[in-house]
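Reading through the structure tokens given below for one structure.
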Protein chains: 2
Amino acid sequence: MNVLIIDDDQLVSASLKIILESDPMIQVTGVGNSGAAGVNLYMKLKPDILLMDIRMDHMTGLDAAELILKDDPNAKVLFLTTFSDNEYIIKAFQIGAKGYILKQNYESIIPALKAVFVGQRVFGDEIISKMPSFKSSRQPQTLTRFDLSEKEVEIITHVAGGLSNKEISETLFLSEGTIRNYISVILEKLNLRDRTQLAIFYYKNT
Amino acid sequence: MNVLIIDDDQLVSASLKIILESDPMIQVTGVGNSGAAGVNLYMKLKPDILLMDIRMDHMTGLDAAELILKDDPNAKVLFLTTFSDNEYIIKAFQIGAKGYILKQNYESIIPALKAVFVGQRVFGDEIISKMPSFKSSRQPQTLTRFDLSEKEVEIITHVAGGLSNKEISETLFLSEGTIRNYISVILEKLNLRDRTQLAIFYYKNT
DNA sequence: ATGAGGATGTGACATTTGTCATCTATGAAT
DNA sequence: ATTCATAGATGACAAATGTCACATCCTCAT
């Protein structure tokens, strides 16, 4: 089984290579350190599996995978991720990745690779809770799972309603600056970048 | 790794046992042929993994698994299924199963077991298309109701994926200014004000 | 060839957004 | 009464966003 490794942290990709090659079934046929390199190397090497970091500078693993899958829909892309990447993970499956592995969890990489190799999809427990179709059976309310205050949740719903900071401030009788501050800490808490991602997050979790 | 096999077809469970025990890491600590037996044996043996057929007389694998998981939420239940069982599969995940394996696909059983053993969930491609949240991720037909070009729709999906203009431009190999222009006219056409409202619009219409 | 139309790019600009450090008021808790 | 925490406000700032007018190309039909 030929594997291509893409991770912009050289240390990670090097140790991955060692770990994987400890298994006689696996050969690492290439190592790259950027999304662009991932695309090029994949096209050139056509490995059985592409093992790629999700978060990379310039071109994220997602972008690279999207390009690759557009060209070769049968590509088997397995993502590496830290556990906070939940939003990316959803995206990963939407574009057709075969799974992901938590970086913390090195001993699970080889079994996961093999499972993907024989055509399975592989992922951890966390993602289940992120799936709108499954969430209903477990938790009644989703946003309160995170340590968000009442007010923060209220503000999120307004953002998800498409209101600007000014409009929210007028609705809640607070200053616009205060709203900005609130949103800033909400984004921090949820590990998101901007209000658009927040609105998306809201719809995916409600 | 201790495995309990439950299948009401004795032929299947016997051959499974042989297949699994060909791997030195695996011991089959029990074999049963009904859902009820599955519950009892599981309680008694506490195997690492319960490999169980979904369709069985009297008590289905699902019912058995539900009982087991109620008693031991950490139980690792892996279902065997024929490919036509799709409705059951959804249910399987809702009750907390770790995955399923197609019966046609014997060579994938061992990798799948190992992946589950180290904490992954495992399933095949088909289920993806059954998930409401992923079903429409590729081609939002509803958007074409509006007079949007192919490219405009593509850009909308990226906005709804939470990407910034810069990221979109890099993905599509266009300049950031062009993306801004596109979004500007999209907003005009759809009578929206900003990208957040656009993302919301997307999720409400797909 | 020529001109229309589409797709793409550029530069300028006003706004909005997100971040941060800091401040004030209020209301517990001691 | 003093301390402390919390909600809210402010101002400054950089970055992202949306708008617009205009400039290039390219292709295609005439």
Side-chain angles (χ1 to χ4, degrees), chain A residues 55-60 62-63 66-67 70 84-88 91 143-144 146-204, chain B residues 143-144 146-205:
Chain A
R55 314 183 71 151
M56 293 186 290
D57 292 333
H58 311 309
M59 186 188 292
T60 71
L62 289 173
D63 297 332
E66 206 157 14
L67 289 175
K70 199 169 291 178
S84 54
D85 289 293
N86 276 323
E87 288 314 298
Y88 287 143
K91 187 83 193 307
L143 282 185
T144 51
F146 306 87
D147 55 341
L148 296 168
S149 74
E150 197 68 27
K151 184 133 280 173
E152 285 170 338
V153 173
E154 187 176 17
I155 288 176
I156 291 176
T157 64
H158 287 302
V159 171
L163 302 195
S164 68
N165 290 334
K166 190 140 158 319
E167 289 167 334
I168 298 176
S169 79
E170 284 160 2
T171 322
L172 300 183
F173 301 106
L174 294 174
S175 88
E176 186 186 341
T178 302
I179 303 300
R180 287 217 288 264
N181 290 337
Y182 267 110
I183 290 181
S184 190
V185 359
I186 290 170
L187 294 177
E188 167 86 14
K189 281 186 183 179
L190 298 178
N191 196 25
L192 301 172
R193 189 179 47 195
D194 55 46
R195 69 200 300 104
T196 304
Q197 293 189 345
L198 179 56
I200 293 166
F201 174 88
Y202 178 87
Y203 279 98
K204 289 204 169 151
Chain B
L143 284 186
T144 54
F146 306 86
D147 56 340
L148 297 168
S149 74
E150 192 76 21
K151 185 131 279 175
E152 284 169 340
V153 173
E154 187 176 18
I155 286 176
I156 292 175
T157 67
H158 286 300
V159 170
L163 301 195
S164 68
N165 290 334
K166 189 134 122 28
E167 289 168 333
I168 298 175
S169 77
E170 284 160 3
T171 318
L172 301 184
F173 301 107
L174 295 174
S175 88
E176 186 185 340
T178 303
I179 303 299
R180 286 218 287 264
N181 290 338
Y182 267 111
I183 290 182
S184 190
V185 0
I186 290 170
L187 294 177
E188 167 82 17
K189 281 187 180 177
L190 298 178
N191 198 25
L192 301 171
R193 190 208 303 143
D194 55 45
R195 72 198 299 101
T196 304
Q197 293 189 345
L198 178 56
I200 295 166
F201 173 88
Y202 177 86
Y203 279 99
K204 291 206 167 146
N205 287 276

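Just so it is clear, the structure is predicted and the values come from calculations on it, not from any experiment.
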Spacing of A/H158 atom NE2 and A/Y182 atom OH [to the nearest 0.5 Å]: 12.5 Å
Short side-chain N/O contact to D/dG18 OP1/OP2 from B/R195, under 4.0 Å: yes
OP1 or OP2 of D/dT17 under 4.0 Å from side-chain N/O of B/N165: yes
Between D/dA7 (P) and A/E176 (CD): distance, integer Å: 21 Å
Whole angstrom value for the distance that separates P of D/dA16 from CD1 of A/I183: 18 Å
Nearest-angstrom distance from the residue atom NZ of A/K166 to P of D/dA9: 15 Å
Point-to-point distance, once rounded to the nearest 0.5 Å, from CG of A/L174 to CD1 of A/I168: 10.5 Å
Least distance between heavy atoms, B/G162 atom then A/I200 atom: N-CD1, 3.4 Å
Audit row: A/L172, A/I155, side-chain contact (heavy atoms from CB on, under 4.5 Å) steps and yes/no: CA-CA 9 Å; A/L172 300 183; A/I155 288 176; 3.8 Å; yes
Please enumerate all protein N or O atoms sitting under 3.5 Å from an N or O of nucleotides 20-27 of chain C, with distances to 0.1 Å.
residue: C/dC20; atom: N4; partner: A/N181; partner atom: OD1; Å: 2.8

Distance in angstrom units between A/E152 CD and D/dT6 C1', rounded: 12 Å
Criterion side-chain contact (heavy atoms from CB on, under 4.5 Å) on A/Y202 and A/V159, from CA distance to verdict: CA-CA 9 Å; A/Y202 178 87; A/V159 171; over 6 Å; no
Length of the line joining B/I179:CD1 and D/dT19:P, which is rounded to integer Å: 15 Å
Sugar-phosphate, base or nothing in reach of A/T178, heavy atoms under 4.0 Å: base
Sugar-phosphate, base or nothing in reach of B/K151, heavy atoms under 4.0 Å: sugar-phosphate
Polar side-chain atom of B/R195 near backbone of B/L163 as donor-acceptor pair, under 3.5 Å: yes
Selection from C/dA7, D/dA7, D/dT19 that lies nearest to any side-chain heavy atom of A/Y182: D/dA7
Summary of salt bridge (charged side-chain N to carboxylate O under 4.0 Å, His left out) pairs that have at least one residue in residues 164-187 of chain A, sequence neighbours excluded: A/K166-A/E170, A/E167-B/R193, A/E176-A/R180
Between C/dT17 (P) and A/Q197 (CD): distance, integer Å: 15 Å
A/I155 CD1 - C/dT17 P separation (whole Å): 13 Å
Nucleotide D/dA15, atom P - distance to CZ of B/R180 in whole Å: 14 Å
Nucleotide of D/dA9, D/dT19, C/dG9 approaching B/L174 most closely (side-chain heavy atoms): C/dG9
